Each structure stands twice: as structure tokens, then as C-alpha cells.
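Just so it is clear: chains get the letters A, B, ... in the order the sequence lines come, proteins before strands, and each one is counted from 1. Since the model is a prediction, treat every value here as computed from it, not as a measurement.
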Amino acid sequence: MAASSMKDIKLRIKSVSSTMQITKAMELVASSKLRRAKARAEATRPYFTTLHATLTDIAYGNTDFSSPFVQRREVKKSCYIMVAGDRGMAGGYNANLFKAVTAHMGEKSVCVLPIGKKAVEYCRHHGLELVTDAYAVAEDVSLGDCFSIARMLCEQFRKGSFDELYVGYTNFVSMLTQQPAVLKMLPIRYERAEAKNTAESLTLYEPSTESVYDAIVPEYVGGLLWGAMAESVASEQGARRTAMDAASKNAGEMIEDLSLKYNRARQGAITQEITEIVAGAEA
Amino acid sequence: MSTFHLQIVTPDGGFYDGEAEKLIVRTINGNVCILPRHAPYVTALGTGEACTVIDGQRRRAACAGGMLAVTKENVRLVATTFEWAEDIDANRAQRAKERAEAALQRATEKAEIDRAQAKLKRALTRLSVTR
């Protein structure tokens with residue numbers, strides 16, 4: 001009995017240590033990818049914040065609502081862009097995002113543009129209406145893709161396919177913390193203070209407010225999406241690194257525990273053998 | 001000489017944040033020049049050459065897409081692409097131009113033609129800025 005349990009434990013140790021090799025390797029890959037993704041997210045941040053601040057300023061001072069992008073309309077349908085990962089093994093990264101977006105959707109009638117394999121799978125599984133599933137691989141989405149997505153969505157928004165546009169992504173707070181968030185993109189509308197600021201409303205728009213908005217808004221949506229993508233990709237790698245680090249640690253603990261058990265079993269087997277020999281000699 | 005606060009940002013990162021004396025950019029309606037104490041002004045950018053005067057030094061750049069927002073406090077140039085003349089690889093731009101021309105020859109659909117034309121315009125701007 002002792003021999004077979006020793007063999008079992010040995011096999012178990014072997015399998016745990018090979019799993020640990022994999023998790024270690026994944027952690028290293030995630031760390032190096034994280035460094036690049038973090039640099040990209042940090043490089044994009046000034047653009048992201050300036051873009052948002054500029055549009056907020058413009059919309060705040062705006063008194064002309066001829067452009068459909070700033071008009072308030074009855075919300076019959078909302079569109080969500082869902083930025084998730086391509087692979088699992090990233091702790092709660094994907095699940096947290098889905099939870100946040102689903103909670104935000106509530107009972108509304110929605111359509112979704114998933115980015116990332118996991119997002120596509122989730123939407124299919126839950127039978128959500130898809131705008132397109134052409135962007136299934138989150139890592140391959142380029143700046144040009146972001147702008148084409150933005151142009152397409154703005155076109156559909158104009159046609160009235162949906163009345164609101166949100167993006168669900170994950171904020172890269174730090175190496176250890178990632179926060180899922182939902183950001184409203186369209187229509188651009190900010191609740192204004194009661195007192196009208198006359199200086200602001202003197203802003204010149206050339207050639208006209210409407211054409212300026214028509215040109216700017218797709219850029220704005222594309223830029224925000226690019227920023228959200230950069231944040232999400234960095235978050236995914238961060239989450240994966242943390243998860244894999246924890247997994248490697250657990251595997252290490254398990255191996256330690258199992259080695260102890262193995263040594264005990266070995267000791268037990270030796271003791272038993274000696275006892276048997278001694279008993280045989282005495283007989 | 002009086003100056004204004006100029007911020008230039010692109011998706012690849014911040015480009016410039018500081019005082020400038022003059023800014024010339026191509027908007028969708030043609031070139032505009034921004035000088036200090038300009039009235040609040042918003043417009044969208046086209047593809048073309050941009051030029052800044054900082055400390056009396058003229059600096060040229062290729063700029064495509066985005067927006068220009070002038071407020072009382074500062075001037076923000078939020079561009080899709082923005083490259084200083086010295087950072088442009090002329091050979092690469094030349095190759096891009098040839099590719100765009102070939103694509104324009106082949107293109108049949110309107111969307112394809114538009115895309116090829118936009119590419120050609122960007123390549124030509126880059127080339128003209130490096131000269």
C-alpha cells in the first residue's frame with residue numbers, strides 16, 4: 001500500500017510542477033507584454049484626456065443643436081462596445097467587465113459590438129444582438145480599426161439604428177488594480193448650469209457647427225475607443241500576471257505539501273520494511 | 001513677442017506642450033493661422049502641412065485629421081497624426097505614395113477610392129514637408 005501511495009504522490013508532484021512551469025511562463029509573458037501595454041496606455045492618456053476635455057468644453061459652450069450628435073432623443077435602443085480579452089486565465093478580468101456592462105444595460109434594448117474573443121463568446125452565449133463580430137481579436141485592433149469602427153457607429157447613430165452609445169472597458173489603475181468602467185460616448189450632452197455663460201457661447205465654428213461636429217465626432221469616438229482599448233489591453237495583462245503569480249505560488253505550496261507527504265510515506269515504508277525484517281530474523 | 005499656450009496631442013502620445021507665437025494648420029476649409037489672443041474658435045482639421053513658430057523658430061510638420069480648439073486659456077491641436085518634418089522618413093513616404101497611386105488605379109468602389117485618395121494625400125503632404 002505504501003509503495004502505491006508513494007507512486008501516486010510522485011505523479012501528483014510531477015503534474016503540479018509541470019502546471020507550475022506553465023503558469024510561470026505565462027506570468028513572464030504577461031509581464032513583458034504588460035510593460036509594452038502600460039507604455040502604450042500611458043502614451044495615449046494625454047490624448048484621451050485632452051480629447052475629452054476639449055469636447056466637454058465645446059459641448060458645454062454649445063448653444064446650437066443642429067447636429068444629431070448633440071441632440072437629445074428618446075432612447076429606444078442602446079449600443080455598447082464591449083472591450084474584453086482574447087483569452088481566459090486572467091483572473092476576474094473578463095467576468096468583472098461582463099458583470100459591470102450587464103448591470104449597466106439593465107432591461108434596456110441593446111445591441112453590442114464585442115471586441116475580443118471572450119466578448120464575442122459571451123454575447124453569443126447570452127443571445128445579445130451583435131452589430132458586427134469582425135473585431136474578435138482585441139490584440140490586433142489598430143488605430144485605423146478604431147477609426148473605422150467609430151465612423152461606422154456614427155453613421156448608424158445618425159441613421160437612428162440606436163440612440164445611445166456606450167463603451168465598456170477596464171481602467172488600468174495600477175499593476176494590481178483594474179477597474180471595469182462604462183463610458184457614455186454619444187450623444188454628447190452635458191447638463192449645463194442654469195446661468196448661461198455668454199463668453200463661451202461666442203465660440204466660432206468654421207465652416208458651421210454642424211459640419212464641425214460631423215467631422216469631429218467620429219474622431220472623438222475613435223480616439224476614445226483607442227484610449228479605452230489601450231487601457232483594457234494593459235489591464236488584461238496586469239490581471240493575467242497577478243492571476244498567474246497567485247497560481248504559481250499555490251503550485252509551489254502544493255509541491256511543498258506533497259513532498260512532505262511523500263517523505264512521510266517513504267519513511268513509513270522503510271520503517272515497515274525494517275519491522276518486517278526484524279520480525280523475520282526473530283522468528 | 002506675445003505668446004499663447006499650445007498643446008499638441010496625438011494617439012501615440014503628447015507632442016508639444018508649451019508657449020508658441022504662431023500656428024498655421026490646414027483645416028477642412030483651408031489654411032488658418034492662429035496668433036495670440038485669438039477669439040474662441042473650433043474647427044476640424046484636414047490633411048496638410050502644419051507650421052509652428054516657437055521662440056522665433058519655424059518648425060514644419062505633417063498633420064492629418066483631428067480638431068483644433070482655441071479657448072481663452074489655450075490652443076489645443078488634437079490630431080490623428082502629427083509628425084515633425086525631421087521625423088519623417090522621405091523614402092517611406094515615397095513608397096507609400098507609389099502604393100497609394102497603384103491602389104487608386106485598381107480601386108473600383110467608392111470607399112476604396114476614398115481610402116486610396118486619403119492615403120495619397122497623406123503621403124504627398126509628408127513628401128512636401130520634408131522638401
Side-chain angles (χ1 to χ4, degrees), chain A residues 39-62 64 67 142-148 150-152 155 197-220 222-230, chain B residues 5-18 25-35 37-48 63-83 96 100 103 110-112 114-116 118-119 122:
Chain A
R40 194 181 98 176
E42 273 163 8
T44 319
R45 228 169 256 166
Y47 176 75
F48 193 72
T49 44
T50 312
L51 189 65
H52 198 257
T54 311
L55 246 284
T56 314
D57 279 358
I58 297 172
Y60 198 77
N62 187 32
D64 180 338
S67 171
S142 67
L143 181 59
D145 289 332
C146 285
F147 283 113
S148 18
R151 269 194 297 275
M152 179 196 66
E155 193 48 48
N197 192 337
T198 44
E200 289 278 5
S201 52
L202 287 175
T203 304
L204 284 170
Y205 293 89
E206 258 183 20
S208 69
T209 322
E210 204 179 337
S211 53
V212 167
Y213 271 112
D214 287 354
I216 283 177
V217 169
E219 297 269 352
Y220 168 71
L224 277 191
L225 183 58
W226 174 246
M229 287 285 313
Chain B
H5 189 91
L6 174 66
Q7 276 183 315
I8 301 174
V9 287
T10 71
D12 299 326
F15 251 92
Y16 181 75
D17 193 350
V25 280
R26 174 76 56 90
T27 71
I28 45 174
N29 238 12
N31 279 3
V32 293
C33 175
I34 305 292
L35 291 169
R37 290 193 282 277
H38 196 286
Y41 175 73
V42 175
T43 189
L45 299 178
T47 305
C63 173
M67 63 183 101
L68 173 73
V70 183
T71 56
K72 247 187 276 165
E73 298 83 31
N74 55 23
V75 177
R76 289 187 186 131
L77 181 66
V78 184
T80 311
T81 64
F82 187 93
E83 294 156 296
K110 193 176 174 300
E112 275 178 55
D114 285 351
R115 210 169 319 138
K119 269 197 185 124
R122 276 201 294 274

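Only the side chain of A/F147 comes within contact range of chain B, with at least one heavy atom under 4.5 Å from a heavy atom of that chain.
Here the side chains of A/L51 and B/M67 are in contact, with some heavy-atom distance below 4.5 Å.
The nearest pair of heavy atoms linking B/V42 to A/V212 is CG1-CG1, 3.8 Å. In plain terms, the two heavy atoms of A/Y47 and B/A79 that are nearest each other are CE1-O, 3.6 Å.
In this structure, CD1 in B/I8 is found 11.5 Å from OG1 in A/T50, a value given to the nearest 0.5 Å. Between B/D12 atom CG and A/W226 atom CH2 the span is 7.5 Å, to the nearest 0.5 Å. For the atom pair CG of A/L143 and OG1 of B/T81, the computed distance is 9.0 Å after rounding to the nearest 0.5 Å.
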